Amino acid sequence: MAILITGGCGYIGSHTCIEMLQAGYDIVVIDNYYNSKPEALRRVKELSGKEFPFYECDIRDAEGLKKIFAAHKIEAVIHFAGLKAVGESVRIPLTYYDNNVGGTVTLCQVMSEMGCKRMVFSSSATVYGNANTSPLTEDMPTGAVTNAYGRTKFMIEGILHDLCNSDPEWSAVILRYFNPIGAHISGRIGEDPNGIPNNLMPYVSQVAIGKLSQLSVFGDDYDTPDGTGVRDYIHVVDLAKGHVKAVDYALAHTGDEAINLGTGNGCSVLQLVNAFKAANGVDVPYVVAPRRPGDIGTCFSDPSKAARLLGWKAEKTVEDMCRDSWRWQSQNPKGYDE
Ligand code: NAD
Ligand code: UFG
């Protein structure tokens, strides 16, 4: 029996492949390389010392998926495949609905047909929108999203809920990630964004290495201790370990559960920049710029449901996250394009 990992070549997927292999699971990986490179999985194999089947396949390709399910005994799916750039989703919403929502519907149809009815899905804290106060708990209202990307996550959560209601054999663990950063401790795999990064940590790392001249801190007038935005940064390896626990849970239960994966600790932009400088002995020049449209001041999790249901807790510190992000960036200044 094996676990199918869609989008397994990406940032979170590649780290999860390693943790799944280490936990003793057999895996089968698919990806269409839209936002990733074959080198990532080559390094996963190198780090884990294990081989596993890979298929270049799009989750919207029902026939391609069926062949993969027919060739392997798949007992559950970890579903990472999706587009994730917030700004791009506002410009090309139909592409996001087609890929993320349409792709997930196709995947679920094939899974049902092939008798595999257990999924761990990558959702996001973005579904909490701007109407709730942190710490965010899973029972808070969702859906007040501000962009098409967020709406695809909200819609997919609803689809999985309806699917589980319609068929008592289905199991869906919906993981709401907070802000994943960091990299594998080896420095061999990490986040490899295309072009100029949108997210804080890859931007900070590229400033530190001199690829970008300075960081723009988007707003210092939020209602937070130092005025800059507060987020719940979580080490990608902790996040990956959460997926192993979520698969265990999905194999043992039916129905749908939404579960936060965060640390429960808020960290401001300036705290993160200072932690990065201290951990790595590098400079990160910055200027304060206007707020970024759509941003909220504070977003952090209540992670207690994950502890209760999955027996999982984040273990790594912000210092670990900064050190590991920098090791990846400094050892791979061009990402996987060496
Ligand atoms: P990523 O872009 O690195 O990985 C996603 C992978 O999916 C890529 O390798 C891409 O090529 C693949 N993919 C995309 N569309 C596909 C398709 N139609 N068929 C097959 N493969 C396809 O992103 P990530 O940061 O690893 O995120 C993984 C998942 O977690 C995504 O669904 C994302 O929305 C979600 N998520 C990410 C964050 C974050 O901050 N990184 C936060 C919350 C949720
Ligand atoms: N920030 C800066 N300068 C930058 C980039 C970011 O000051 O160049 C600030 C932002 O204003 C925010 C914080 O750093 O206060 C974090 O920003 P990110 O872009 O790294 O992350 P977000 O919290 O905005 O968004 C992330 C993911 C989204 C996801 C959301 C909620 O990128 O996909 O978390 O889960 F929807």
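Indexing begins at 1, ligand by ligand and atom by atom, following the structure's order. Every value quoted in this text rests on a predicted model; they were computed, and no experiment measured them.
At the top of the distance list for atom 25 (O) of ligand 2, counting protein heavy atoms only, stands Asn179 ND2, 4.1 Å. Of all protein heavy atoms, the one closest to atom 7 (O) of ligand 2 is Phe218 N, 2.8 Å. Protein heavy atom closest to atom 18 (P) of ligand 2, with residue, atom name and distance, is Asn199 ND2, 3.5 Å. Closest to atom 3 (N) of ligand 2, if we only count protein heavy atoms, is Ser216 O, 2.7 Å. Nearest protein heavy-atom neighbour of atom 13 (C) of ligand 2: Tyr233 OH, 3.5 Å. Looking at atom 9 (C) of ligand 2, its nearest protein heavy atom turns out to be Val269 CG2, 3.7 Å. Among all non-hydrogen protein atoms, the one lying nearest atom 10 (C) of ligand 2 is Asp295 OD2, 3.4 Å.
Residue contacts with ligand 2: Ile296 is placed with no nitrogen or oxygen under 3.5 Å of a nitrogen or oxygen of the ligand (distance criterion only). Of the polar atoms of Arg292, at least one N or O is found under 3.5 Å from an N or O of ligand 2, judged by distance alone. Close N/O approach between Ser123 and ligand 1 is not found [any backbone or side-chain N/O within under 3.5 Å].
Near Tyr149, meaning under 4.0 Å from one of its heavy atoms, ligand 1 places the atoms 33 (C), 34 (O), 35 (C), 36 (N), 43 (C), 44 (C). Heavy-atom proximity to Ile59, at under 4.0 Å, picks out these atoms of ligand 1: 17 (C), 18 (N), 19 (N), 20 (C). Against a heavy-atom cut-off of under 4.0 Å, Cys57 is close to the following atoms of ligand 1: 19 (N), 20 (C). For ligand 1, the atoms sitting less than 4.0 Å from at least one non-hydrogen atom of Tyr34 are 11 (O), numbered in the order shown with element in parentheses. Counting atoms of ligand 2 from 1 in the listed order, those under 4.0 Å from a heavy atom of Tyr177 are 35 (O). Those atoms of ligand 1 that come under 4.0 Å of a heavy atom in Tyr33, given as number and element, are 11 (O).
Taking a 4.0 Å cut-off on heavy atoms, Gly150 fails to register as neighbouring ligand 2.
With sequence neighbours excluded, no residue forms a ring-ring contact (aromatic ring centres under 6.0 Å, His included) with Tyr233.
Considering each of Val273, Thr224, Asn198, Leu200, the one bringing a non-hydrogen atom nearest atom 20 (O) of ligand 2 is Leu200.
Each side-chain hydrogen bond (donor to acceptor under 3.5 Å, both in side chains) pair with one or both residues in residues 287-298, not counting sequence neighbours, appears once here: Asp221-Arg291, Arg292-Asp295.
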